[in-house]
Amino acid sequence: MTGQSDLKLERNDLLMNANFIAGKWQPAVSGNRHNVMNPANGMIFAEVPDSDAQDAAAAVNAASDAFFSWRKTTNRERSKLLKTWHALILANTEDLARLMSMEQGKPLAEARAEVAYGASYVEWFAEEAVRAYGDILPPLMPGRRQMVVKEPVGVVAAITPWNFPLAMIARKIAPALAAGCTVIAKPAEDTPLTALALVRLAEEAGFPSGTLNIICASRQNAEPTVAIWLHDPRVRKITFTGSTPVGKYLARESADTLKKLSLELGGNAPFIVFEDADLDAAVDGLMRGKFRNSGQTCVSPNRVYVHEAIHDDFAGRLAARVRALTVGPASNPTAEIGPMINERAIDKINRHVKDALSKGAVVLTGGNTVRDHIADGPFYYSPTILTNSSEEMALFCEETFGPVVPLFTFSNEDEVIQKANQTPFGLAAYFYTQNAARICRVSSQLEAGVIGINEGVVASEAAPFGGIKESGYGREGSKYGLDDYMQLKYLCEGELA
Ligand code: SIN
């Protein structure tokens, strides 16, 4: 193992390298392990269990056993535990941020912000837990009482991505526990350490044994491991953030046991700058939305449409900002763009840019890997703007998931709405205009679950996050988020007259 000496933690016990099942930290039954790499330098710095079906089954057993008592706890008790967990997460911000930067590569300032962002969901659902009201229905006949109560769905399997190693798992576990569900989780193979540390803090917060279980698996073992959960009838819900093909696979494979699903899948967000936009605000919004997490974000603007009358002005202002970005490892305190997660990510970006250039795109800035400028990093990509982009290019149809901004032009509102919606995805969309009537028209016609209007960063714990079309279903955060982990039961009481 190399590179571990770079990881300085205040609490070394937050660097966990085991599964957590039924309240015990334990290796995979097979004893197998898989490596965790620092994408800033390509070096392996930790190992975690490489679980298989046996570990997955043990996690279900634990969560299923724990459910019978956990569901009986009061909402107030669950809320208190979540609040304790929230306080512990915030108290350990620096260590969590360091772990996250080390395994995911994001600059430390962004990692710290993600700790606060993820923690905000824990606090939110601690507050929502005590407001999971049901209903009393007006009786239809004398002597009858009709009620609707909300109950936890049961064991929830949470499968989470590498791009936000803390926030994505927090915003699944917190509502599940708040609702009275028990959880089995599998973090992304690239970024298990932040999730394990989060679970370590949940253990410290005092969640009873078996309520929260986590197992790690390599890319190779992920599918057979998760398959156990998909087919076990005791698992009543799958919550997943990741690609659309994997989301479809989970829906198909879990269909036999008709599980409830929350799928937060791929996006292909349009970002439209109308001729009447405040251009500085639009550039600023694009910079924040596009380059957050180095472009590795599902809601990241993927296709930028600029009205032909302002295209050159906008492109010039954007290029000045993009050229000023600092690319580097999290250990560089001025870094704003970190490495991509792995070789596959870099390969996809290279493929998209090469394809675009072969079809007429022009590089305004960037367009090449910057490994020459960074001593030991194989996964960096320079922030890039391409002009003259068109619909024939792969980056029009697919999410690039990197720091590449393709600029498209348009000449009128109807045309750009049609183009913006010309995708099977519908997670996020953004537009900039100062015309109030246009705001109303465009926001109602754009096909997306989340719309930024004169705003480039839109997610928060108080708002429902999720997509339409092939970007999935279910909502995370907000007053709606708890319902995804609950089911309605109707109680009809007679003979009361
Ligand atoms: C995502 O990329 O899946 C989530 C981004 C966010 O929470 O803003």
Side-chain angles (χ1 to χ4, degrees), residues 89 100 104-106 109-125 158-175 185 187-188 190-191 194-195 198 238-247 250 261-271 285-302 337-338 340-341 345 348 398-404 425-430 448-453 455-478 480-481 484:
I89 295 170
M100 199 190 313
Q104 202 274 347
K106 65 179 73 187
E110 272 199 76
R112 290 185 190 110
E114 184 180 335
V115 176
Y117 178 48
S120 74
Y121 285 91
V122 177
E123 184 178 41
W124 178 268
F125 285 109
I159 304 164
T160 58
W162 51 262
N163 59 345
F164 290 91
L166 190 143
M168 296 303 104
I169 196 162
R171 79 186 190 191
K172 295 181 187 319
I173 294 177
D190 295 302
T191 56
T194 313
L198 206 58
I238 307 281
T239 172
F240 169 69
T241 297
S243 74
T244 293
V246 174
L250 297 176
L261 290 166
S262 289
L263 300 176
E264 201 260 89
L265 308 178
N268 183 3
F271 185 105
L286 182 57
M287 291 298 296
R288 290 187 296 119
K290 178 71 217 181
F291 294 106
R292 175 169 170 239
N293 204 23
S294 309
Q296 303 174 111
T297 307
C298 299
V299 287
S300 181
N302 199 53
I337 303 287
M340 301 299 104
I341 189 72
K348 185 174 188 192
E398 297 171 35
E399 219 176 358
T400 303
F401 236 61
V404 177
F425 303 103
L427 184 55
Y430 308 82
V450 176
I451 310 258
I453 306 165
E455 181 55 66
V457 178
V458 288
S460 93
E461 75 281 12
F465 187 97
I468 59 173
K469 295 162 73 178
E470 294 190 22
S471 290
Y473 36 73
R475 291 294 178 268
E476 297 193 310
S478 82
Y480 309 102
D484 272 26

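Sequence positions, counted from 1, serve as the residue numbers for this chain. Any value given below was found using the heavy atoms of this structure, including those in side chains, with hydrogens, waters and symmetry copies removed. First listed ligand is number 1; within each ligand, the first listed atom is number 1. It should be emphasised that the depicted structure is a prediction, and the values quoted were computed from it without experimental measurement.
In terms of polar-atom proximity, defined here as any N/O pair under 3.5 Å, Cys298 does make such a contact with ligand 1. In terms of N/O distances under 3.5 Å, ligand 1 is not approached by Thr297. The N/O atoms of Thr241, backbone and side chain alike, include none that comes under 3.5 Å of an N/O atom in ligand 1. Between Arg171 and ligand 1, a contact under 3.5 Å exists for at least one N or O pair.
Listed by number with element, the atoms of ligand 1 under 4.0 angstrom from any heavy atom of Glu264 are 1 (C), 3 (O). The Phe164 neighbourhood of ligand 1 comprises atoms 2 (O), 5 (C), with distances under 4.0 Å to a heavy atom of that residue.
Only side-chain heavy atoms of Asn163 come within less than 4.0 Å of ligand 1; its backbone N, CA, C and O stay farther off. Using a 4.0 Å cut-off between heavy atoms, Arg292 contacts ligand 1 through its side chain alone, with no backbone atom that close.
Relative ring orientation between Phe125 and Tyr121 is described as parallel, the plane-to-plane angle staying below 30° on a 0-90° scale split at 30° and 60°.
In the displayed structure, Tyr117 atom OH is contacted under 6.0 Å by more than 12 heavy atoms of other residues, nucleotides or ligands.
Within the 4.5 Å cutoff, the side chain of Gln104 has no heavy atoms near those of the Glu110 side chain.
Nearest protein heavy-atom contact of atom 7 (O) of ligand 1 is Tyr117 OH, 2.6 Å. Looking from atom 4 (C) of ligand 1 to the surrounding protein, the closest heavy atom is Met168 CE, 3.6 Å.
Going from atom OG of Ser243 over to atom CZ of Phe401 covers 10.0 Å, rounded to the nearest 0.5 Å.
Both tests do not hold together for Lys172 against Phe240: distance to the six-membered ring centre under 6.0 Å, angle to the ring axis within 45°.
A donor-acceptor pair is defined here as one N or O able to donate and one able to accept, closer than 3.5 Å; such a pair exists between the side chain of Thr244 and the backbone of Gly266.
Between Glu455 and Arg288 a salt bridge is recorded (basic side-chain N to carboxylate O distance below 4.0 Å).
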